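This report concerns only the one structure given below.
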Amino acid sequence: MFGGVIMPEKSIKLLATGGTIAAAGEDGLAPALGASDLLSYLPGLEQLCHVDAQDILALDSSNIQPEEWRVIAHAAYNALQDHDGVVITHGTDTLAYTAAMLSFMLRGLQKPVILTGSQLPIAHLAGDGRGNLADAFTTALTGQPGVYVVFNHKIMLGTRATKLRAISFDAFESVNRPLAGVLDARGAHWVNPQPITGETALQSDLNDAVCLIKLIPGTRPALLDGLGDLGYRGVVIEAFGVGGLHHLRRNLTDSLGVLRDRGIAVVVTTQCLYDSTDLSLYAVGKQLGDRGVIPAHDMTTEAAVTKLMWVLGQTEDIETVAARMQQDYCGEIGHDNT
Ligand code: ASP
């Protein structure tokens, strides 16, 4: 089951958080298995590495929120002190958000942190749970440092993975970046790993007063106007195409400019899954840039939202927030800063 060049003396910690991979139940699936139960489905793993198991959460990932991201980040950081890598099992629904947030919180990693889950419970004979978990260990045992998502034999950078399919075993894609690696009968092969820079550190402060709004033609400005009074400090707008929005009759540009003038960070991303914002291309976008709105460039929505929370956890100075949102920390933003 486990191919490739692996050093048996390594030790990996499995952190279980719940999700379908750990699910059972007659009346709707709910997390039931802990980390040790999951390991019992991988006979032979103990001959390849020493594994410690820890249950940190037992949640459907729909219930994993900023508080849980901090719990997971602290557990992973602590586990890395005396292990060669960490595998985290997690529900697939919000796994991309957790992977992105861990990528920001776990600075300068020298070891791997691998997230995985599955579309069917691990006990399901024809499911993807055992394979994905085995792949996650195989990937962790390579020692390649960084936060990655492993799913359906694909290795994706934590800030680039997005759940695209609700049922298919091939649930995740790496958006705006080639796969970091793949798994086959010979083990894990890295083709595009992310270089690590800086000192290892846990930087888990965040500000969860961030929301995401997807525009439709005709979105009313009042929706945006109320955000400041609701206590939000940042908003990510999923706009049209490269970052357009309407100002005729319903002037969203003005509303976003007013939010920005009130000190609320406004980040504009695109509803298109692939490619980048470009506020300089159309007049409707250019007005936004002139009002101090921050382009998300080619970040995924998950990366833009979690990064904004993380950056606002460090500073609320709006110019610094704008600069940091456009700085690449861990492969989340391309160098095509149009
Ligand atoms: N609802 C589940 C979860 O995200 C789905 C899954 O794990 O596939 O926890």
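Along the sequence shown, residues carry numbers from 1. Please read these numbers as outputs of a predicted model, since none were measured by experiment. Remember, it's 1-based here, ligands and their atoms both numbered in the order they're listed.
In summary, D261 and R291 engage in a salt bridge, as defined by a charged side-chain N under 4.0 Å from a carboxylate O. Ion pairing between a basic and an acidic side chain is recognised when a charged N comes within 4.0 Å of a carboxylate O; E319 and R260 show such pairing.
Taking a heavy-atom cut-off of under 4.0 Å, ligand 1 is surrounded by G19, T20, D60, S61, G91, T92, D93, S118, Q119.
For F240, the CZ atom sits in a packed shell: over 12 heavy atoms of surrounding residues, nucleotides or ligands are nearer than 6.0 Å.
With E68 contributing its side chain and Q65 its backbone, the two residues share a donor-acceptor pair below 3.5 Å. Checking side-chain atoms of Q119 against main-chain N and O of S168 turns up a donor-acceptor pair under 3.5 Å.
A 4.5 Å side-chain heavy-atom check between E332 and L157 finds every atom pair outside the cut-off.
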